[in-house]
Amino acid sequence: MKQTRQAKILELIGQYEIETQEELAGRLADAGFRVTQATVSRDIRELFLTKVAGKNGRPKYAAGSFGETTYSERYARVLADGMVSMAQADNLVVIKTVSGMAMAVAAAVDALGIEEIAGCIAGDDTIMCAVKTAELVPGVMKRLGESRTLL
């Protein structure tokens, strides 16, 4: 649950200009997560989130780094911990995950920015990634597998 929530936090701060812990907690609640202020505070600390100037000049949360841990390494951890298997189905990559981790893994896949992937749909333990053509699927699967081992 913690990894799923933290992946959602990274997704939310990438999508919205979140300025406060209360706003982040509200966005998490809207996404179906029940959190306390203490949990949000702990997640912010563990994810090494920092405040940077937003488009409007006001501070917003952004992903930072500490030591050797980078943004992409955190997503690699989600992929490594959550992904069970991958299979090709025509132009789709079907990813099986640990139960309850599909949304977090899909967020990590999206964050990789693989141009060949048109989009992902996540359920509880399965993700369907639509790849632009069936011929591109083996390369996408190779990149996803490599991304799991960035740790």
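Contact check for K60 versus Y16: no side-chain heavy atoms found under the 4.5 Å cut-off. L112 is listed as a side-chain neighbour of L144, based on a closest heavy-atom distance under 4.5 Å. Looking at I117 and V93, their side chains never come closer than 4.5 Å, going by heavy atoms from C-beta outward.
In plain terms, the two heavy atoms of V109 and I95 that are nearest each other are CG2-CD1, 4.3 Å. The shortest heavy-atom contact between C120 and D110 is SG-OD1, 3.6 Å. Across all non-hydrogen atoms, the minimal contact from A108 to V78 is CB-CG1, 4.2 Å. For the pair L49 and Y61, the tightest heavy-atom approach, listed with the atom from each and the gap, is CB-CD2, 4.1 Å. The nearest pair of heavy atoms linking V98 to V84 is N-CG2, 3.5 Å. For the residue pair I127 and A106, the shortest heavy atom distance occurs at CD1-N, 3.6 Å.
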Practice prompt. Just do the side chain to side chain contact (heavy atoms under 4.5 Å, CB included) check on K2 and E46 with the steps written out, would you?
Written response: CA-CA 11 Å; K2 177 178 174 179; E46 289 177 7; 2.7 Å; yes
Discussion item. What verdict does the side chain to side chain contact (heavy atoms under 4.5 Å, CB included) test give for F33 and T4, after you've listed the backbone C-alpha separation in whole Å, the side-chain angles of each residue and the deciding distance to 0.1 Å?
Written reply: CA-CA 10 Å; F33 294 90; T4 305; 3.9 Å; yes
Practice prompt. Kindly indicate, with the supporting measurements, whether the criterion side chain to side chain contact (heavy atoms under 4.5 Å, CB included) is fulfilled by I44 and L24.
Written response: CA-CA 10 Å; I44 287 169; L24 181 55; 4.1 Å; yes
Fill in: Verdict with reasoning, T39 to T36, per side chain to side chain contact (heavy atoms under 4.5 Å, CB included)
CA-CA 5 Å; T39 300; T36 65; 3.0 Å; yes
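Using a cutoff of 4.0 Å between basic side-chain nitrogens and carboxylate oxygens, K8 and E11 are scored as salt-bridged.
Heavy-atom contacts from other residues, nucleotides or ligands closer than 6.0 Å to CD of Q15 number more than 12.
Under the 4.5 Å side-chain contact rule for hydrophobic residues, V35 and I9 share a cluster. Hydrophobic clustering (side-chain heavy atoms under 4.5 Å, transitive across Ile, Leu, Val, Met, Phe, Trp, Tyr) keeps M101 apart from M128. L28 and M103 fall into different hydrophobic clusters, where Ile, Leu, Val, Met, Phe, Trp and Tyr are joined by side-chain heavy atoms under 4.5 Å apart, directly or via other members. In terms of hydrophobic clustering, with Ile, Leu, Val, Met, Phe, Trp and Tyr side chains grouped at heavy-atom distances under 4.5 Å, L92 and V137 are assigned to different clusters.
Using a distance-only test at 3.5 Å, with no hydrogens or angles considered, no donor-acceptor pair links the side chain of S41 to the main chain of Q37. Side-chain N or O atoms of D125 include none that pairs as donor or acceptor with a backbone N or O of G100 at under 3.5 Å. In this structure, the side chain of E17 engages the main chain of K55 through a donor-acceptor pair within 3.5 Å. Side chain of N91 to main chain of V131: a donor-acceptor pair is present (N/O by atom type, distance under 3.5 Å, no hydrogens or angles).
The structure places OG1 of T97 at 11.0 Å from CG of L79, a figure rounded to the nearest 0.5 Å. Rounding to the nearest 0.5 Å gives a distance of 4.5 Å between CZ of R143 and CD1 of I114. Atom CD of residue Q6 and atom CZ of residue R42 lie 10.0 Å apart, to the nearest 0.5 angstrom. In this structure, CD in E22 is found 4.5 Å from OG1 in T20, a value given to the nearest 0.5 Å.
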